[in-house]
Every structure is written in structure tokens, then in C-alpha cells.
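Predicted, not measured: the structure shown is a model, and the values here were computed from it. Proteins get letters first, then strands, A, B, ... in listed order; numbering begins at 1 in each. Side chains are part of it too, since the values below use all heavy atoms of this structure and drop only hydrogens, waters and symmetry mates.
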Amino acid sequence: MKRNRWGGWAAGRWAAGGALACLAGVGAFLGIAYRSGLPTVPTPKATEFPTELVSRGAALAAVGDCIVCHTVDKGVAYAGGRALATPFGTLYSTNITPDPETGIGGWSKEAFKRAMRDGVSRDGRHLYPALPYDHYRQVHDGDLDAIYAFLMTRPAASAPAKANDLIFPLGFRPLLAGWKLLFLHQEEFTPRPDRDAEWNRGAYLAEGLGHCSGCHSPRNLAGAEETGGGAYSGGVAEGWVAPALNGASPAAVPWTADSLYAYLRTGVDGRHGAAAGPMGPVVHGLSRAPEADVRAIATYIASLSADRAAPKAPSPPDRAAEAAKANPAGATLFAGACAGCHEGGAPMMTQGRPGLSTVTALQLDSPDNAIRAILQGIHPPTGPAGPTMPAFAASLTDAQIADLAAYLRSRFSDRPAWTSLATAAATVRKEDTQP
Amino acid sequence: MSTPHPTSLSRRGFLTGGALVVSFALAPKAFAQLAGGGEGGAGPAVVAPDLKGSLKSTPWLDAWIRIDADGRVTVFTGKVELGQGIRTALTQVAAEELDILPAAITLVTADTERTPDEGLTAGSHSMQDSGTAIQNAAANVRMLLAAEAARDWGVAADRVTTGGDGSLHAPDGRSLPYGEVAARLSLHVQAVPDAPLRRPSDYRTLGLELPRVDIPAKLTGGPAYLHDMRLPGMLHARVVRGPSVGTSLQSPDLDAVARMPGVVRIVRQGGFLAVVAERQWTAIQALRHLQRAAYARTQSPLPADGTGDAVAATLKALPARDIPIMDTSDPAGPAVRSVKARYTRPWISHGSIGPSCAIARYVDGAMTVWTHSQGTFDVRRVVAELLGLPPEKVHAIHAEGAGCYGQNGADDVAADAAVIAKAMPGHPIRLQWMREQEFGWEPLGPGMMTELEAALGADNRIVSWRHAVWSNPHNNRPVGAGGVLAGNEADPPFPAPEGKPIPMPEGDGSRNSNPLYSFANTHVVYHFLKNMPVRVSALRSLGAHLNVFSIESMLDELAAGAGIDPLAIRLDHMRDERARDVMQAAADRFGWSKRPKGDGRRGCGMAFARYKNLGAYCAVAMEVEVDRETGRTLVRRAVAAVDCGQPANPDGVRNQIEGGLVQSLSWTGREAVRFAADRRASFDWSSYPILRFDDVPGSVEVVVMDRPGAPFLGTAEAAQGPSAAALANAIADATGVRLRDMPLSPERLKAALGPV
Amino acid sequence: MTVTITVNGADHSLDIDPATPLLYVLRDDLELNGAKYGCGLGQCGACTVHIDGKPAFSCLTPIGAVAGRRIRTVEGLGSAEAPGLLQQAFEKEQAAQCGYCIAGMLMRAQALLDRNPDPDEVQIRAHMQTNLCRCGTHMRILRAIRRAVAMRKGVHSAQEVRP
Ligand code: FES
Ligand code: FES
């Protein structure tokens, strides 16, 4: 499971394609679509870059998680080729190793920075905003230098770009200029003087390279993030709900900087559940990023929900008896399929894995994350060790998943019951089995 | 047909004539360390030192081989099938020396009332002990049969031949089936040491790649394991303990469980607690309910979590007894280059795929225990002492379990089941541990460290070699009630026995610390650490895993510094021809001389060891590819060569070496038991991941050396050390980075590689 | 309560707690040995069976959830006397050490072959990733699966199943 914020647009948003096309058409009309190519340069030698700069670039690249999108499963790192499914068709990430023919070996630092900030390839073509240049605009110049140094010191791999497969007319890149005109106006990050250095560092990383709001904010019809008050009020990624991180955070127990740090670093926090879906690769990157940077991100993100009201109940709910009465079928399924890990006395519980009443997926308005976790399971994000859950797609029917989800919601949450669960299960299952 | 030994007839005559009153002692009382297992445990005393293999302790032929009047042959072994294919190999050995068809043989494995006590099935001793015993016993039997037929026919014994199908032939064409001749003989005679063996050129069965006899049932859901036994009236039990050894549950809710429908009994004696139910699922639910109770740590603190320095710090803080292993002083030139290095290995779990299981039944004062322990006779000793029963009232029978690779929970679960069965006479009790119980309670493979310092002289010869190894005992096999968890929980408890080292040449933590190479001025010391912060015992290959890893890593470190080819430095210091052959064979098959040179990503490494310096010879070469971004190492291909003497079944040997190699890659490349302050934190496969299909080598090839008629050499553990070292050496060749602390994990490699 | 399940084509009615995992029903009630208890956590695959043709962990499948659905165990692939194609391939490759994982491996692999009769090495490895083997029999298991693919195509020489 890889992060792909574009894939998050629900199928119902196909109209967005049309909207985007219209907007872009305007842009094309205005004649701003043309960007000049920049000359190729001889590929810099790895030895030209000071080690210190490369190390810094490595740390920043880990926060930005470049490797995830730019590497196919078990393929050569950064050689591109990963398919990014979007509602507008399939994009393929490109080779960002310093191979002169197929990678960015012929790119000057300027060409690289232009791509990162303006979404324009060295040869002048517009890049699709699957590359979150709207965020990268905020990255300091020196940090882009470091990332450039890091990428230019990777082993070069020859891997020609795969042709994108987009719906008409989006394959026509000049249209992107219009999108940029409307949505690309972020500035380089400036620290807030009323906050301390750690918070500012966290904000810089999260808003820039980390592009957290790319998933955790809603998007408009043209696929641009909501900003201002709407920022961090929750979004969608690859069909998974990316929960709100602001005051509307649905977490059963409020996030703290410490719990966020544990979560971002290891993929699991004892009071919030495990990273699943596209959050897995994020944690994978952050588990390798500098500890101080991850702490800073945690501090910043935790501050977003600082104004959240304190939880009503002192401890999260667990009403086994009532839930079983209300959903006996769900209770039976839980006893046979889930209790071995999630019931009191189970080894996972003894060993400090999160109890279900603290798992955010059961607190969301939408049941989709819970259903998705049941259908697909959870894979340890940081390597072979870590939180894991088997997939139940083969053993439970949609109706059974609906029963189970209803039981889970009533047992482990104070929130209103989910509705139309069987339909939701069928929908999620269908999405999951699409290629 | 071979010539019977001239003294054998008179000897047989004497014994059959006058010594029938001597009964075959199935249960020798004497406990003799190392009598058969090579890894502690108890075993029978040696009574016939001039005989070979386990005939030394059980010299009577009828203890090994019986031939019915109808020609059916039963062969008895005190060793057990662990998935190593020993049933098939021993059947082939017996068939060859008896010169009958393998299909005519029924093989009975360890059973305290039927088979010889051959100590543990461990230490790669099965072929050496039992294979050799059965081979010689069968040769004796064939000799006796031929002599008896010769007498009957009035021909010279050396004119009688066998036909490979259980028949004896006279030169004039007369023939007699074995059954008929055997009916006139008593096999209750002692073996003679020199009954002639069949000539390798005449072999009909030995060395063939016969399919394993146990595999068809395993592929089709046939009853293949102890786990598959169902006895009439059998009840299901679960034993209840804290999350890991050294913890105890505080006031578990017994009342609620006693009221659960289907719960038959709660067995509580001293600190021992178990639930018994009609159905397995009920027992599990009862267990889970009881496990909701809080737990407390009751034993000394666990090691600090972590590998490398953390392991070293834990071990160095323990009081050590220094045991000299090797000390030579030779004239040698001055050192021109020396390397000093520390190597470590964390605690490793056996990680059997099937948690341990046992069935026990107590009827009329007699206990029967079905066990997959490696020490069936030890189970009897343990259960007898634990329950205060006379040993003859305890019948232990081996039935196959999942692979155990040493002392996992098998012994403990057998004792647990027996305690429960004793409390519920008449009811067969089936007890299987849960996954987390196996991880939490089994003895782990000990964490270890070594410090090596070696120097090369101007002529590229090693002029000095120092090797120090720190380890807990690997030898805590239970031979009495104190060795199992239930014994420690009894009231009053049987105290756990003190750990003892296994002396060389087998060794435990010291195993393979004495290099087979000829190094000048070799100094090896074993810092034996008696006090164990974690429950530990034997894990496949014991100390050889780290000792071979250390020696073979150091050789490459020296070679790399001096620009010597890794194969050359090994051959230059090896006098043992068979060792040289094995290294050369692996190198040839691998294409060592034409191998790609390390280029930052790809590289090759090799390593060698002769297991315990007295078992099989094994060399491993492998090519790896490292992903520098993630530190992930993939073994593209591996080649092993092995010399185990006459291979009984070359495919069986290949299977063991292949498996050992892959398992060692898992241990070496990614495994480490994690510790929380009060418990083991590795409790399932998500907290103790092992190698999966994605990470196994692209290919593994095994060359089995042809050594016709050569004595059997233990094979099953031979690949563990060399595979570990070959991996480290290949990574170093590929990246220039030398990893000395296991696991050689992606994180560790990535950290060592740095960002560039 | 009474639950009726269909295992290897035969119906069985049981009076049983519907939460009971299928694994224990197969082993203790139907006395089928194939599916094994390895972890009870859906982490090892020793208990793998097919439910409506898809591989599933019987240790985490409540019996009540599979009433009326098609369950297939390794016993349904063939017997020692008449082994199925994949079982024959495992036998030919001697793809077992202790063998405890093997019934699960067979069911996992069979599911792949049922869906894709000609998988390549990458597909085989990715598909088998779910199942654990501690004996290190992986190389033989992979060979056996390749052999089954080849056998189905009518290729019988061992040479052709090496990668
Ligand atoms: S026993 Fe079911 S997956 Fe391990
Ligand atoms: S063969 Fe033993 S676990 Fe796979």
C-alpha cells in the first residue's frame, strides 16, 4: 500500500476531471502554458557534493518520502515507474536517479528546483500535481540544494519513463498551467515568531516536504487542497479517510506530541491504533528520518488539535454486553475472528497494543476505514516487525462485515451508529479488487 | 557375501546357549552425560566401549532388529524424526546392511518400552549414533543369518550370499528366506565390533535418493503428528501462566471460568494452573479469561532490549568462569597486520511453526505421555520425578511434532500434560501451547559475544589468533523435574539445575571456537556464564553459529586488509584434505574465480566449517545484492558443498543443508528476541518476524560429496555457521561495510552505509 | 446451535457455538488433520483452507460465518493414494522438512494456480508471502509450485522447473 493522495478522490468525483479541464483550458487560453526548456548539464559527480549536504538531503528526503512514489515494489530505488492511480487515469512516477538519459542526471540544480517549486520539467513540460509542488514551494532553497545533492549521489539507473494513461484531454500538459494559475501561490515557509523553534521546524517540515495536509485536508473539485479554516479538517487518500488533525480530530483520546511521535515513528501508539493504508509508507519514511525532525512534526501536528474539547468520558467506552445484545451476530463474529487479538486477555493486549476503544477508525463518521482494515488487513509499516492484521476479505461476507462493524461501533464508540454498512462493505470491496 | 567373523559363531553359541536369562534392559538406570545426545540430557551408560555408535550402550542385537518368522523386519531406534528425514535414512541404512528391501522394514522410533535409549536426538548425532549402531547391528544380524543358513546347508559361511530381497542363497541355488532362518536364531546376543559391512560397490539402497516415508501423509492430511492424535474420551487443556518465563498472574478469575459451560476442571497445584475442557475452543476462551489478570515479574531482570552493545553489556556484567579451549605456541614471524573485533548474537527463538503439544493419560497408576521432545527417555525421567512415580510406571512415546531445532517447549508441555493427566485419572489430556506461550516460555537460544584478535605475518600467514567467547550454557536439557516449568511451579518447587558447560570436543558456547585451520599461536578461551538472565537452552548448532561467524568473518577481514582472496587464505591454512575438497567444490560450483567483484551493491562471500570439528564439512558461497537506500540484502544465489561421509540419502542431506542455510539467513539477517522491562516482548510473528518468501535466496544449490562407505558424519546443523558468515562476508564484499553484530538487518546496514 | 458446513463437497451439521473457529471444527469434529494450528492470529498460514475458492485462515474464521459456503482443505486436493497434481509436485520435489507448514502452503499455492495457471516467479513469491516456514523449505516449495505449473503444461523433466 503506497501513499498516493490523488488516488484519494472518490469515484464520485469524476466530475472533477471536467472541471479541471475547463479551468486548465482558461489557463491555456491565457497563454501562460509555455515554459522554456533548460539546458542539460553534465551529470555532476557524486564527489562534488559535501557529505554533510548529502546527509542533510537524505534526512529531508526521508521526511518527504520521495522513495515511496519514485520506486516500484522491490525495484531500484528512485528509478520511478510506480503507477499512481487517479480518477483521471494512471500516472507513472519518473526516474529521479542521476541517469543522464532516463533520469535527472542532465538536470541542473536550477532545473531541479524549478520542478520542485513550479512543477515544470527540465524540458519545459508541466508536471502533474501528483508531485506535491504546491507544498514544495515552501521548502527553503538550501534544503532543495541538499535534496538535489542527495538524489545526484544515488546510483544511476537506466529506467525510461512509462507513458501516462490519462483520460482525454488531460494528457495535454499545457492545461496544467491553468491549474497552477489558480492554485499554485504558496510562498517559502516563514517561521511564526510566537512559536518556539521546535514547533516552527515541525510546521516547516509538515507543510513543506511532509505535505501532511495533502491527505488530511479536503480538496475542491479541481483537486486543490482547502486552506485556512478547512485545512486539516480531514481528507481522503486511496479511499481511506485521513482523519481531521485539527480541533475536529475524532481520536478517542486526544493526540499529544508524545503519542504522535510514537505513532509516526513506529506505526502504532497504544492509545490510537496502528497506521494503515497510505499512512503506512509515511511512517516507513519517518521511521528513518532524524528523531528530532519527527518530534518536531509531532509537536506541530499535536498543536493543531490543541483547542479540541476534552473527551466526555474519562476512559474510552467498552460496552461488550450491550453491544452483544444489540448485534448478536456481530458479537459471534467478533468472538471467533477478532477476540484472539482484541479481547481482554489476548496476548496483543498484554503486550500493549492499542485496545479497540481507542482506535480512531471506530470513531470516524464514515465506516470505510474500519471496513477497509477488516477487508485488507494492516501491514507493518516500518519493516517486517510491527502492527499487523490479517485480511478478512476471503472469510467474511459483506453482510458479516456489516454486522461486525455495527457491533464494533456500538461496543467501542459513543458516536452514532453507522448506517448502510453492507452497501459500504460492498463498495469498499469493489474498489479494493480493482486493479 | 562377506565372511562372518570367526569368533562370532562361538560367541553366539555361548550366548544363545547360556545367556538367555540376561534380559534386555530397556531402562538403564545410570545417567551418563553425553552418552548419546552430544548436548547433555541423560543417557544410558557405555557398557561396550569397543562397539560403534549407540551399540556402545545397547549392544544387544534384538534391541535394534527383530525378524519375524514371516520375514517382516522391525528396526528400533532411540532417535526420532524431527523433519530431518531420519526415518528414511535409518531405514535405508538397515535395508542396506540387512540387504533387504526398505519397504520390508518397520521402523520404531523412541519409545521407552520398545527402543534403546539413545539419549537426545540432537547435535547432528542421529546418523553417527543410531545410523552407525543400526548399520553394525544389521551387519551382525546378516552375518548370523548367513552363518545359520551355512550350517543348515553344510557349506562354508562365506559361500552364502544374500539376494537383496530378504533371502539367503547357497552356491548350488538353494535358498532360504530370512524369516525361516531367523526363527531358529536368537538375536538376543551382543554385537561384535567387526561384523563385515557391505561394500559400497554392492550398495543397493544406501546412497539412493529414496522419497521420504513421512512425506505423503504430510502432503495429504494424513495423521502425521502428535497433534493429530485423537484418543477416546480425550479432553483439551490449556496451561495458564504469565506472558513469559519469570512472571506470574495475580489472582486470575477462577470462579468465572469454573462456571463456563464446557469447562471440566481447573487444575491448580502450587504455582501450576491449567484449565481442562471438552472442546479446544472452550479451553482457549477460558485461558483468555484467566489471562486478563495482572501479572508480576517474579525473577531477576531481563537483559536490556537491543542488540550489539546491549548484548555485550549484559553478558560482560555476568560473572564468568574461564575455560581454556586451546592454547598453542608456535614459532612465527612478526605480525604486519592485525585485526581486533567483537562479534555478537542476540537471543534467538526456536520459532517452531507448530506450538508444542503433548498428550498424557494416567490409568491405574501408570502414566503414558506422547511427546515430540528430542529426549523421549528424558521425558520419562522428568515426569517420574515430577509426579513421584517409579520410572517404570511412566511410558513416554515419541510422536512427531513441528520442527523444533533444539529445546523448545516440547519438554515443558509434556510435563504440563502429565501433571494435568495425573489430576484427572482415566482422561487422556491433549495440551497444546498457544503461539505466545511458545514464544514466552520456551528456552531461547542464548545471546553470545566473541572477541577475536588475529595477525598476519609478512608471508600472509596467520601468526597469532585469539578468540574469546562469552556465553550462557546451551545445555539445559531437562533430565529431572527441575528442568521443566511445571517442576519450578510445584509446591515445593524443584529448583532449576545449575547450568553446566558441555566439554569439548562437542562444546556448547565453545562449540567450534577451536578453529580447524592451522593458525600459529592459537589461544581460545570460553568465558562460561553460569547465571542466565533469560531461560535458555539448545538451539540448532549451539555456539557454532556465532563462533563460526566470528572466525570466518575475521578471516575475511584479514584477507581484505591484505588483498588476499578469501578462498586462498582459507586453503593456505587448511591441512585437512576433506575440508579443502569441500571448499574447492563449493567454489567451483559457484564459479568463485569468475565471480563479479564487489561494486557497492553486489558482492560475494564464502565461509567454511566442519561442524564441531568432528561432524560434516560444509562450505557456503553466496552472492548478495544490497539496496543501499534501504539496507535490504537479497541473496541472489547460494551454493553449499557438504561432506557428511557416506550420504544415506543425498537428497535428504541437500534438504537439511538447504533448510539450514535459509534458516541461518533468517537468524543472522533479521532475528532478535525483544525484551520489555518485565517480559519478553517477542510474542508472535509480528514482533518476531522471520524470513518470508520475498527474502529467501534466488537459488540454493547443494553439492553433496561422494564418500562411498565413509563413516556417517552429522549433517543437520552443519550449514548454520558457514551460512551466517558467508552472508556477512558477501555484504562486506558488496559494500565495504563489515557488520559484526547480528542481526545484519537492513536498519543496521543502512546505518553503517550512511547516506552516501 | 446447529451449523451446517460443506467441506470438500460433503455437508456436516454440527451442534456448536457458531463463534468456534473453523480450524477447531475441522480438526476436532471432522477429524481432518490438514489445517494446522500455528498461531491462531492469522500470521503464519498453517491453517489455510479455501472458502469459496479463496485462501483464508481457518483459525480466524468463525464457523457460523461459513455456513453454506464451500470449504476446501488439503484433504480435498487428493489423498496419499491418489494425490492431486500439486501434491504430486511437492512429493517429487520432496518439499517438506517437518512438514507442519506444508498443508497450508499447498492450499495457498493451489489458490494461486486456480486463479493463474501460469504464474511467474515474482507472482509465486508474492503470493506465498503470507505463509511461514521455519525449516527453510522455501526453495523446495517454490520448485514444487513451478513443477506443478510445468506438469500442467505437460512438461515433466525436472530440469525445466529450475528457474
Ligand atoms: S494458525 Fe491460522 S494463520 Fe497461523
Ligand atoms: S517444513 Fe517445517 S515449518 Fe515448513
Side-chain angles (χ1 to χ4, degrees), chain B residues 82-85 209 211-212 214-225 227-228 230 236 262 279-282 284 350-355 400-405 432 434-435 651-652 655-656 658-666 684-686 690-694 696-700, chain C residues 16-17 19-21 24-25 27-28 31-41 43-44 46 73-75 77-81 83-84 87 90-92 94-103 106 121 124-142 162-163:
Chain B
L82 304 169
Q84 82 282 45
E209 306 204 331
R212 257 171 52 192
D214 54 327
I215 285 187
K218 291 175 175 177
L219 300 180
T220 53
Y225 304 94
H227 308 65
D228 302 334
R230 297 173 193 92
H236 292 277
R279 302 189 61 91
Q280 211 168 169
W281 177 236
T282 312
I284 293 169
H350 295 84
S352 176
I353 289 295
E400 232 188 294
C404 59
Y405 331 103
Q432 183 163 19
M434 304 299 287
R435 166 49 53 206
D651 188 60
N655 204 349
Q656 284 297 288
E658 253 177 63
L661 189 151
V662 171
Q663 186 180 62
S664 181
L665 290 179
S666 184
D684 69 353
W685 299 117
S686 81
I690 60 174
L691 216 62
R692 288 179 182 263
F693 277 95
D694 255 6
V696 298
S699 69
V700 176
Chain C
I16 197 166
D17 171 3
T20 311
Y24 303 112
V25 176
R27 293 194 59 82
D28 298 341
E31 305 200 348
L32 295 172
N33 301 315
K36 303 285 190 295
Y37 171 77
C39 65
L41 303 166
Q43 295 176 352
C44 75
T73 70
V74 80
E75 288 87 348
L77 299 190
S79 62
E81 297 69 40
Q87 289 167 323
F90 270 67
E91 159 76 23
K92 276 256 189 300
Q94 293 283 289
Q97 291 182 63
C98 81
Y100 198 86
C101 68
I102 294 294
L106 280 158
E121 182 71 12
I124 295 174
R125 287 188 185 226
H127 177 86
M128 297 304 293
Q129 182 73 350
T130 322
N131 286 39
L132 292 176
C133 173
R134 185 52 160 168
C135 294
T137 312
H138 305 73
M139 309 313 297
R140 283 174 183 244
I141 294 168
L142 292 170
R162 314 280 152 184

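For C:L132, the parts lying near chain B are the backbone and the side chain together; criterion is any non-hydrogen pair under 4.5 Å. Contacts of C:S79 with chain B are made by backbone atoms alone, with heavy-atom separations under 4.5 Å and no side-chain atom involved. Within the 4.5 angstrom heavy-atom criterion, only backbone atoms of C:T130 (N, CA, C, O) approach chain B. Within the 4.5 angstrom heavy-atom criterion, no atom of C:E81 approaches chain B.
Highest contact tally toward chain C, considering only B:I284, B:D228, B:V662, is held by B:D228 [criterion: heavy-atom pairs under 4.5 Å]. Top candidate by heavy-atom pairs under 4.5 Å with chain C, chosen from B:T282, B:D651, B:D214, B:V700, is B:D651. Ranked by heavy-atom pairs shorter than 4.5 Å toward chain C, the options B:G262, B:P223, B:A402 are led by B:A402. When the candidates B:Q656, B:R212, B:M434 are compared by the number of heavy-atom contacts under 4.5 Å with chain C, B:R212 comes out ahead. Between chain C and the residues B:E658, B:E400, B:H350, the most heavy-atom pairs under 4.5 angstrom are made by B:E658. Of the listed residues (C:C44, C:A35, C:A80), the one with the most heavy-atom contacts under 4.5 Å to chain B is C:A80.
Taking CG of C:N33 as the reference point, atom OH of B:Y225 lies at 10.0 Å (rounded to 0.5 Å). With rounding to the nearest 0.5 angstrom, the CZ atom of B:R279 is 4.0 Å from the CD1 atom of C:I16. In this structure, B:I690 CD1 and C:C133 SG are separated by 7.5 Å, a value rounded to the nearest 0.5 Å. Between C:Y100 atom OH and B:I353 atom CD1 the span is 9.5 Å, to the nearest 0.5 Å. The NE2 atom of C:H138 sits 10.0 Å away from the CD atom of B:Q663 when rounded to the nearest 0.5 Å. Remark: B:L219 CG to C:E91 CD distance equals 6.5 Å, nearest 0.5 Å.
Using a 4.5 Å heavy-atom threshold, the side chains of B:F693 and C:H127 count as separate. The shortest distance between side-chain heavy atoms of B:H227 and C:K36 does not fall below 4.5 Å.
Considering every non-hydrogen atom in both B:G403 and C:C135, the closest pair reads CA-SG, 4.5 Å. Across all their heavy atoms, B:Q280 and C:D28 have their closest contact at NE2-OD2, 2.7 Å. Residues B:S666 and C:R134 come closest through the heavy atom pair OG-NH1, 3.8 Å. The shortest non-hydrogen separation linking B:G401 to C:C98 is O-CB, 4.4 Å.
For C:Y24 and B:H236, the distance between ring centers is not under 6.0 angstrom.
At distances below 3.5 Å, at least one donor-acceptor pair connects side-chain atoms of B:R692 with backbone N or O atoms of C:Q129.
Side-chain atoms of C:Q94 and B:N655 include no donor-acceptor pair closer than 3.5 Å.
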